[in-house]
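Remember, it's a predicted structure, so these values are computed and weren't measured experimentally. We name chains A, B, ... by the order of the sequence lines, and we start the count at 1 in each one.
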Amino acid sequence: MAKPSRALHQGSDETGGRKLALIASKGSLDMAYPPLILANAARMSGIEVEMFFTFWGLDIITKKKMGKLNVATVGNPNMHPWFGIPTLLGALPGMSAAASWMMRGEIKKLDFPPVPEFIKLLIDAGANVYGCKMSMDMMKLTQDDLVEGSTVLGAMEFMDITEGAQILFV
Amino acid sequence: MTQDILDTVAFDDDGFMEDAAAWTEEIAQAIAEALEVNLSDRHWDVIKFARQEFETQGEPPTLRLITQQTEVSMKEMYQLFPGGPAKITANIAGLKKPTGCI
């Protein structure tokens with residue numbers, strides 16, 4: 001038994017509490033959600049969050065792509081047994097679209113927001129969202145292509161910002 | 001002085017009330033003080049919604065549900081209850097610790 005106190009809300013001290021650094025490197029629908037859900041859980045627990053979107057992960061915060069992420073039905077070992085799509089059939093036209101449609105439905109049933117809404121929610125929750133400068137140069141993207149509230153950042157700057165943080169690479 | 005009321009209430013190891021039915025607005029006020037939250041009308045809107053949700057669903061509401069069903073936005077929730085809005089709401093509302101992921 002413990003009386004309620006500020007100290008019991010772990011990491012709730014916004015200045016001296018925990019900090020989580022999340023690196024999102026994949027842009028498929030199934031791989032976009034884990035870093036978003038973990039970032040949100042961290043913010044809900046009062047933990048500071050710094051998110052770095054690099055390589056294909058950039059799609060998650062790219063305005064034109066964030067709402068259209070798809071599930072890969074070929075070369076994705078998780079297609080079986082949840083979706084029950086054997087790899088060979090997964091190569092058929094429309095399979096990826098169908099699986100993505102199914103997954104969006106499941107996500108909605110759990111009341112998880114679609115990716116664009118999720119990113120806005122995280123920014124509103126105070127998570128810092130960064131696009132990897134090098135990946136952006138490679139994909140010919142500029143700040144204008146990224147979602148509002150995000151910042152372009154180099155990998156070394158990200159290292160500076162996340163000093164002392166716990167790091168999670170997805 | 002309002003802190004004394006907390007001695008009459010049973011809490012679990014995380015500081016959440018053991019018995020949600022024993023909750024009163026005075027207790028809420030005392031818990032909020034212990035958590036360094038100054039309760040405004042906006043706070044009460046959220047707390048009352050959380051109580052009502054618990055009574056019908058048996059679970060404290062998720063943060064997402066609070067922002068969907070009340071007029072309080074996500075941004076405001078973090079301003080009203082800094083450092084863990086869903087947990088602090090449930091704590092003040094006398095509910096158990098929320099376990100929802102969203």
Peer 1: Tell me whether the count of non-hydrogen atoms from other residues, nucleotides or ligands lying under 6.0 Å of CH2 in A:W101 goes above 12.
Peer 2: no
Peer 1: Please check if A:F118 and A:F52 belong to a single hydrophobic cluster, counting links between Ile, Leu, Val, Met, Phe, Trp and Tyr side chain heavy atoms closer than 4.5 Å.
Peer 2: no
Peer 1: Under 4.5 Å between side-chain heavy atoms, counting indirect links through other Ile/Leu/Val/Met/Phe/Trp/Tyr residues: same cluster for A:L58 and A:Y33 or not?
Peer 2: yes
Peer 1: With sequence neighbours excluded, give me every side chain to side chain donor-acceptor pair (under 3.5 Å) pair touching residues 49-62 of chain A.
Peer 2: A:E50-A:N128, A:E50-A:Y130, A:T54-A:S135
Peer 1: With a 4.5 Å limit on heavy-atom distance, are the side chains of A:L122 and B:M74 in contact?
Peer 2: no
Peer 1: Has A:K63 got more than 12 heavy atoms of other residues, nucleotides or ligands less than 6.0 Å from its NZ?
Peer 2: yes
Peer 1: So which part of B:E18 gets closer than 4.5 Å to some heavy atom of chain A, the side chain, the backbone, both or neither?
Peer 2: neither
Peer 1: Side chains of A:D124 and B:M77: closer than 4.5 Å at any heavy-atom pair?
Peer 2: no
Peer 1: Is the shortest heavy-atom distance from the side chain of A:P4 to the side chain of B:F16 under 4.5 Å?
Peer 2: no
Peer 1: So with a 6.0 Å cut-off around NZ of A:K65, is the heavy-atom count from everything else above 12?
Peer 2: no
Peer 1: Report the C-alpha separation of B:K75 and A:L121 in whole Å, then their side-chain angles, then the decisive distance to 0.1 Å, and conclude whether the side-chain contact (heavy atoms from CB on, under 4.5 Å) test is met.
Peer 2: CA-CA 8 Å; B:K75 221 176 206 168; A:L121 183 157; over 6 Å; no
Peer 1: Looking at CG of B:D14 and OG of A:S5, how far apart are the two atoms once the value is rounded to the nearest 0.5 Å?
Peer 2: 10.5 Å
Peer 1: Check side chain to side chain contact (heavy atoms under 4.5 Å, CB included) between B:D45 and all other residues, then give those that pass, not counting sequence neighbours.
Peer 2: B:R42
Peer 1: Can you give me the closest heavy-atom contact between A:A125 and B:Y78, atom names plus distance?
Peer 2: CB-CE1, 3.2 Å
Peer 1: By number, which residues in residues 47-66 of chain B have some heavy atom less than 4.5 Å away from chain A?
Peer 2: B:L63, B:R64
Peer 1: Before you tell me yes or no, could you show the steps for A:K3 and B:D7 under side-chain contact (heavy atoms from CB on, under 4.5 Å), namely the whole-Å CA-CA distance, both residues' side-chain angles and the distance that decides it to 0.1 Å?
Peer 2: CA-CA 8 Å; A:K3 269 212 253 182; B:D7 289 325; 3.0 Å; yes
Peer 1: Is A:M51 reachable from A:L20 through a run of I, L, V, M, F, W or Y residues, each pair having side-chain heavy atoms under 4.5 Å apart?
Peer 2: yes
Peer 1: Please classify the contact between B:N91 and chain A as side chain, backbone, both or neither, with a heavy-atom cut-off of under 4.5 Å.
Peer 2: side chain
Peer 1: Side-chain heavy atoms under 4.5 angstrom apart, residues restricted to Ile, Leu, Val, Met, Phe, Trp, Tyr: same cluster for B:L95 and B:I102?
Peer 2: no
Peer 1: Determine which residues belonging to residues 136-170 of chain A lie within contact range of chain B, meaning some heavy atom pair is under 4.5 Å apart, and list them by number or answer 'none'.
Peer 2: none
Peer 1: Is B:I27 linked to B:I92 within one hydrophobic cluster, defined over Ile, Leu, Val, Met, Phe, Trp and Tyr using a side-chain heavy-atom separation of less than 4.5 Å?
Peer 2: yes
